[in-house]
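Computation of the quantities below employed the complete heavy-atom set of this structure, encompassing side-chain atoms and omitting hydrogens, waters and symmetry-equivalent molecules. Below, chain A is the first sequence line, B the second, and so on; all start at residue 1.
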There are 2 protein chains.
Amino acid sequence: MIGKLVFFYNLSQTIIMSQRERILDIAETSMRARGYNAVSFREIAGEIGIKSASLHYHFPKKADLGLELVKRYSENFRTALNSATENAANPIEKIEAFIDLHRNALIEQELLCLCVVLGAEARSLPEDVNSSVANFFQSNINWLTDAYQDAGFENAPSRAKAGVATLAGALIASDSLKDNSVFEAAADSVLKS
Amino acid sequence: MIGKLVFFYNLSQTIIMSQRERILDIAETSMRARGYNAVSFREIAGEIGIKSASLHYHFPKKADLGLELVKRYSENFRTALNSATENAANPIEKIEAFIDLHRNALIEQELLCLCVVLGAEARSLPEDVNSSVANFFQSNINWLTDAYQDAGFENAPSRAKAGVATLAGALIASDSLKDNSVFEAAADSVLKS
DNA sequence: GTCTATAATTTGATAGAC
DNA sequence: GTCTATCAAATTATAGAC
């Protein structure tokens, strides 16, 4: 097999997904559910239907996979954020879109944010993976600072720091309690002026 | 050796710490730094100076250790909270004490909250460990709801959910960014009316 | 790109002596 | 309570054939 056929409902188009992307998809799902250290090469390979030795062809070390996962996740997050906000009528709608990305992870995907999970395991991870996770949080704080500023909120930088923290913790607490009202309460607080 | 001598500065008293407590202390520190799956019996035993086989005498399975850790952590947290709030002049001081417990973990201990870390790894953990982690979050939400109510804040239950989430996420983001201002911004938002 | 085979290490766990 | 000895399984990783 050279490529998995993926049909997108909104594109009358067929895309050949590379094996590399398929590996990243499965690894991301697994790690967002159970963490970096609970996921093995064998398990990822098994879900695709190849051997773990083949996985090492694509990602020589686990650290290589981890780093690429965080980079791709950050890029995809940014792309989704841009796409969801390009037609926003006002800055509040942008902040709502930011919240929606988190809500979608928790409720539709039933997964946490990759960087929240890796952030919790930080000291057991390769250092460059940690740096990338930190970059993700900083980018989000910067983005949210701008949005709060545009919306005319006071103390935008401080609000943005609190907002990013709130959504991160909301994923964990809401998931643990299996109570989406925790996430919604957190989302409300991020929007409140 | 039958007991490690522990001197408390505020008690002119010497306490013999049981081996069981010593194991729990080291396991807690390790797991709060690196997560459940990155910590092994051999490593914990090594730090105490015994063999991993001896550790199995105290905690037959890793799940037994994990469960006991969460229970003890929850009890200690509650005891510290009661102790810190018994002389509080008003409900706001109580909420500040709640925040202080988190601040102390991050800044003094340089560790995350055990239940925040385990919550992020939830799906890779034994189910009873997860239940105990969920209990921790629910207890804190209940406690904070009462405090907000006493302080006369509106929507106390919703605020409490957001507050617990905010402090949980603040630990992760602040630690990842090595930027305590993230925690302080989050702490401010928890206190704001 | 994927496979088989294998190495080197780590891990959770047990049996039985002291 | 702790030890030695040991196990079975899992893990990351590499070499070399196809």
Side-chain angles (χ1 to χ4, degrees), chain A residues 1-6 16-28 30-31 33-70 118 121 123-130, chain B residues 1-6 16-31 33-70 117-118 121 123-130:
Chain A
M1 187 178 1
I2 55 158
K4 176 178 159 198
L5 297 183
V6 180
I16 308 294
M17 183 182 281
S18 71
Q19 187 71 305
R20 183 186 169 85
E21 286 294 304
R22 215 174 320 163
I23 292 166
L24 288 168
D25 279 353
I26 290 177
E28 180 185 312
S30 301
M31 287 192 188
R34 303 198 310 285
Y36 183 92
N37 294 300
V39 178
S40 72
F41 267 41
R42 263 183 177 73
E43 176 205 328
I44 297 167
E47 277 194 63
I48 297 178
I50 60 176
K51 298 293 177 179
S52 72
S54 309
L55 221 163
H56 282 282
Y57 167 81
H58 298 276
F59 301 96
K61 315 267 179 192
K62 194 178 181 182
D64 299 322
L65 172 61
L67 185 60
E68 190 53 34
L69 274 176
V70 176
L118 299 191
E121 291 180 301
R123 291 171 174 82
S124 72
L125 304 183
E127 195 174 304
D128 50 356
V129 175
N130 281 330
Chain B
M1 187 178 1
I2 57 158
K4 175 180 161 198
L5 297 184
V6 180
I16 307 294
M17 183 182 281
S18 72
Q19 186 72 305
R20 183 185 169 87
E21 286 294 303
R22 215 173 320 163
I23 291 165
L24 288 169
D25 279 353
I26 288 176
E28 181 185 310
T29 301
S30 302
M31 287 192 188
R34 303 198 311 283
Y36 182 92
N37 294 299
V39 178
S40 72
F41 267 43
R42 267 182 177 73
E43 177 206 326
I44 297 167
E47 278 194 62
I48 298 180
I50 59 176
K51 298 293 177 181
S52 73
S54 308
L55 222 164
H56 282 283
Y57 167 81
H58 298 277
F59 301 98
K61 315 269 179 192
K62 193 178 182 182
D64 299 322
L65 172 60
L67 185 60
E68 191 51 37
L69 274 176
V70 176
V117 174
L118 298 190
E121 293 180 300
R123 291 173 175 80
S124 71
L125 305 184
E127 195 174 305
D128 49 356
V129 175
N130 281 330

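Side-chain N or O atoms of A:Glu121 include none that pairs as donor or acceptor with a backbone N or O of A:Gly35 at under 3.5 Å.
In this entry the distance linking CG of A:Leu55 with P of C:dC3 reads 10 Å, nearest Å. Rounded to a whole Å, the CG atom of B:Asn37 is 12 Å from the P atom of D:dT12. In this structure, the CZ atom of B:Arg34 is 14 Å from the P atom of C:dT10, given to the nearest Å. Whole-Å rounding puts the A:Ile48 CD1 to C:dG1 C1' distance at 12 Å. If you take NE2 of B:His56 and P of D:dA5, they are 18 Å apart, rounded to a whole angstrom. What separates CD of A:Glu21 from P of C:dG1 is a distance of 12 Å, to the nearest Å. Straight-line distance from the CG atom of A:Asp64 to the P atom of D:dT12: 13 Å, rounded to whole Å.
Between B:Ile50 and A:Pro60, the residue anchored nearer the 5' end of DNA chain D, judged by the nucleotide with its closest heavy atom, is B:Ile50. Between A:Lys61 and A:Ala38, it is A:Ala38 whose nearest contact on DNA chain D lies nearer the 5' terminus.
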Open item on the list: Run A:Ser30 and A:Glu47 through side-chain contact (heavy atoms from CB on, under 4.5 Å) and show every step you take.
Closed with: CA-CA 10 Å; A:Ser30 301; A:Glu47 277 194 63; 3.8 Å; yes

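Looking at heavy-atom distances under 4.0 Å, B:Tyr57 makes contact with a base.
Taking every side-chain heavy atom of B:Ser54 into account, D:dT2 is the closest of D:dT2, C:dT4, D:dA13. Ranking C:dG12, C:dG1, D:dA13 by closeness to the B:Lys62 side chain, first place goes to C:dG12. Closest approach to the B:Arg42 side chain among C:dA13, D:dT4, D:dG1 is made by C:dA13 (side chain taken as heavy atoms from C-beta onward).
Contact between the side-chain N/O atoms of A:His58 and the OP1/OP2 oxygens of C:dT2 is found at a separation under 4.0 Å. Side-chain nitrogen and oxygen atoms of B:Lys51 include none within less than 4.0 Å of the OP1 or OP2 phosphate oxygen of D:dC3. At least one side-chain nitrogen or oxygen of B:Ser40 sits closer than 4.0 Å to the OP1 or OP2 atom of C:dT11.
With rounding to the nearest 0.5 Å, the separation of CE in A:Met17 from CG in A:Leu24 is 10.0 Å. Rounded to the nearest 0.5 Å, atoms NE2 (A:His58) and CD1 (A:Ile50) are 5.5 Å apart.
For the pair A:Tyr36/A:Leu69, no side-chain contact is recorded, criterion being any heavy-atom separation below 4.5 Å from C-beta on.
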